[in-house]
Structure formats: C-alpha cells, structure tokens
Asks: 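My questions all concern the structure below.
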Amino acid sequence: MAARDLACTLIAVVATPELIAVAQIGDGAAVAGDSAGNAIGLTVPPCGEYINETIFLISPNAIETAQFQVLREKLRHLAVFSDGLQMLALKIPEGTPHGPFFAPLFRFSGEWKEEEDAKQQLESFLRSPRVSERTDDDLTLLLATFSSNV
C-alpha cells in the first residue's frame, strides 16, 4: 500500500450525553445541537485559496492544521458531514453552522421510529434536487441524538 492510498480527510468523534470530543484533519465539519435547537460548530473546514482544496491525512502539515475540540456540556444532537454538504450546512467563509439546515435534521434525528424508513428518508433528502443541484461532491452525513432518558 502506498501512502497516497491513505489520502483522505478525517473526522473522529467521541460523544456521550455530557461530552463531545472531536479531532479533524481536512474538510467537512462536526456540529452539535443543544436542547433549545441551537446549532453549535465544533469544527470549521479549512478555507484554501481554491474551492475543493483540502488537507489530507498524509499531508506534511496534517498534524499542525488538525483541529481538536472538547465540549463538556449537555448536548442533544450531533451531525458530522463531508465537504459535499459544506455549502448548504455552513455559512461560508466563516464556517459557522446554518441553523435552518440543521433544525429539521436534528428534529428528524430525534423523532425517527423505523430504521429502514429513516435511512430511506435521509437518502432521499441527500439525493433531492434541492441538495444535488448545489453540490457535485460526495455527500456523507452522520446524525445522532442522545436519549433524554440518560
């Protein structure tokens, strides 16, 4: 295996109901949501001179540009996404979360009942013209909601 075979970005998350720790190299982002519906940026994708320019795990400056964030507070939701959703999910160039993008996703994440149905709904959203017309990159989205019974 050649080093270039590992040319990818990385977002690693450890999350509990009282703590979220994130490490990120490259683009994409992690956003948390509190019980009041606020979207809280945990990481900010790097903004290079050119669109789709990023830092890869194998880049010489990967460690120096890595982002680390630990948030110790009760949060309700978590979203982690690839660069294909950045232009929809974040206010660019600041990289701050766009609340109207996350509000329905966090609501959906907290209310779904049937796993297969939820998977199909999320896939339909990501393939919808509303999303696909605004990106030509990969679309990866992880959603998580902490149980309020914890």
Side-chain angles (χ1 to χ4, degrees), residues 1-110 115 118-119 121-146 150:
M1 177 183 286
R4 72 176 179 272
D5 293 336
L6 301 174
C8 64
T9 58
L10 173 72
I11 302 176
V13 179
V14 174
T16 72
E18 288 90 25
L19 176 133
I20 294 180
V22 181
Q24 178 172 330
I25 295 173
D27 48 19
V31 172
D34 63 17
S35 58
N38 300 307
I40 303 156
L42 299 172
T43 61
V44 177
C47 259
E49 186 175 343
Y50 304 102
I51 197 158
N52 288 334
E53 180 182 359
T54 192
I55 299 157
F56 295 110
L57 193 56
I58 62 168
S59 299
N61 63 341
I63 299 301
E64 293 82 19
T65 61
Q67 298 177 63
F68 301 95
Q69 173 77 271
V70 176
L71 207 53
R72 286 185 170 91
E73 62 182 82
K74 288 192 177 212
L75 295 168
R76 181 95 171 100
H77 305 282
L78 174 67
V80 180
F81 52 93
S82 63
D83 59 320
L85 288 173
Q86 283 177 191
M87 300 300 271
L88 295 166
L90 303 174
K91 297 174 190 169
I92 304 295
E94 309 86 33
T96 57
H98 182 58
F101 178 84
F102 290 101
L105 288 173
F106 287 157
R107 193 169 39 255
F108 168 78
S109 177
E115 183 177 346
K119 179 182 172 185
Q121 286 184 51
L122 193 54
E123 188 175 324
S124 293
F125 165 71
L126 292 174
R127 292 179 188 261
S128 70
R130 186 173 142 199
V131 173
S132 62
E133 289 172 357
R134 297 184 62 193
T135 185
D136 60 353
D137 212 331
D138 63 296
L139 299 173
T140 303
L141 174 62
L142 173 134
L143 293 173
T145 296
F146 296 105
V150 178

Asks: Surrounding CD of E115 (heavy atoms of other residues, nucleotides or ligands, distance under 6.0 Å), is the total greater than 12?
Replies: no
Asks: Looking at NZ of K91 and NE2 of H98, how far apart are the two atoms once the value is rounded to the nearest 0.5 Å?
Replies: 7.0 Å
Asks: What distance separates F101 CZ from M87 CE, expressed to the nearest 0.5 Å?
Replies: 13.0 Å
Asks: What heavy-atom pair brings T43 and A30 nearest, and what distance separates the two atoms?
Replies: OG1-N, 2.9 Å
Asks: Run the side-chain contact (heavy atoms from CB on, under 4.5 Å) test on I25 and T9 for me, step by step, so that the C-alpha distance in whole Å, both residues' side-chain angles and the decisive distance to 0.1 Å come before the verdict.
Replies: CA-CA 6 Å; I25 295 173; T9 58; over 6 Å; no
Asks: Would you confirm whether S132, through its side chain, and S128, through its main-chain N or O, come within 3.5 Å as a donor-acceptor pair?
Replies: yes
Asks: Is there a donor-acceptor pair under 3.5 Å between the side chain of T54 and the backbone N or O of D27?
Replies: yes
Asks: Distance from L143 atom CG to F108 atom CZ, nearest 0.5 Å?
Replies: 7.5 Å
Asks: Using a 4.5 Å cut-off on heavy atoms from C-beta on, say whether the side chain of L19 contacts that of L71.
Replies: no
Asks: Between E123 and K119, is there a salt bridge with N-O shorter than 4.0 Å?
Replies: no
Asks: Ignoring hydrogens, what is the shortest heavy-atom contact between F102 and A89? Give both atom names and the distance.
Replies: CE1-O, 3.2 Å
Asks: Could you measure the distance from the CG atom of N38 to the CZ atom of R76? Nearest 0.5 Å is fine.
Replies: 14.0 Å
Asks: Would you check, one step at a time, whether the test side-chain contact (heavy atoms from CB on, under 4.5 Å) holds for V14 with I20?
Replies: CA-CA 6 Å; V14 174; I20 294 180; over 6 Å; no
Asks: Output all residues satisfying salt bridge (Lys or Arg N to Asp or Glu O under 4.0 Å) with E73, sequence neighbours left out; order by chain, then residue number.
Replies: none
Asks: Heavy atoms, side chains only, cut-off 4.5 Å: are I11 and L142 in contact?
Replies: no
Asks: Stepwise, does the side-chain contact (heavy atoms from CB on, under 4.5 Å) test hold for L85 with T135?
Replies: CA-CA 7 Å; L85 288 173; T135 185; 5.6 Å; no
Asks: Using the side-chain contact (heavy atoms from CB on, under 4.5 Å) rule, take L105 and F125 through it: C-alpha gap first, then chi angles, then the decisive distance, then the call.
Replies: CA-CA 10 Å; L105 288 173; F125 165 71; 4.1 Å; yes
Asks: If you define the side chain from C-beta out and look only at heavy atoms, does anything of L122 sit under 4.5 Å from L141?
Replies: yes
Asks: Locate the shortest heavy-atom distance separating M1 from L6; write the atom from each residue and the value.
Replies: SD-CD2, 3.8 Å
Asks: Under a 4.5 Å cut-off applied to non-hydrogen side-chain atoms, are L90 and P45 in contact?
Replies: yes
Asks: Does L126 reach the side chain of T140, with side-chain heavy atoms less than 4.5 Å apart?
Replies: no
Asks: Could you tell me whether the side chain of Q67 reaches within less than 4.5 Å of the side chain of V44, counting heavy atoms only?
Replies: yes
Asks: Using side-chain contact (heavy atoms from CB on, under 4.5 Å) as the criterion, point out the one residue from T96, V31, L75 that pairs with I40.
Replies: L75
Asks: Rounded to the nearest 0.5 Å, what's the gap from CZ on F68 to CD on Q24? Could you check?
Replies: 10.5 Å
Asks: Do H77 and T145 pair up side chain to side chain, a donor and an acceptor below 3.5 Å, judged on atom types alone?
Replies: yes
Asks: Say you draw a straight line from OG of S35 to CZ of F106; how long is it, rounded to the nearest 0.5 Å?
Replies: 12.5 Å
Asks: Name the atoms and distances for all side-chain donor-acceptor pairs under 3.5 Å in residues 56-66, with sequence neighbours left out.
Replies:
from : atom 1 : to  : atom 2 : distance (Å)
S59  : OG     : F56 : N      : 2.8
S59  : OG     : F56 : O      : 3.1
T65  : OG1    : N61 : O      : 2.9
T65  : OG1    : A62 : O      : 3.2

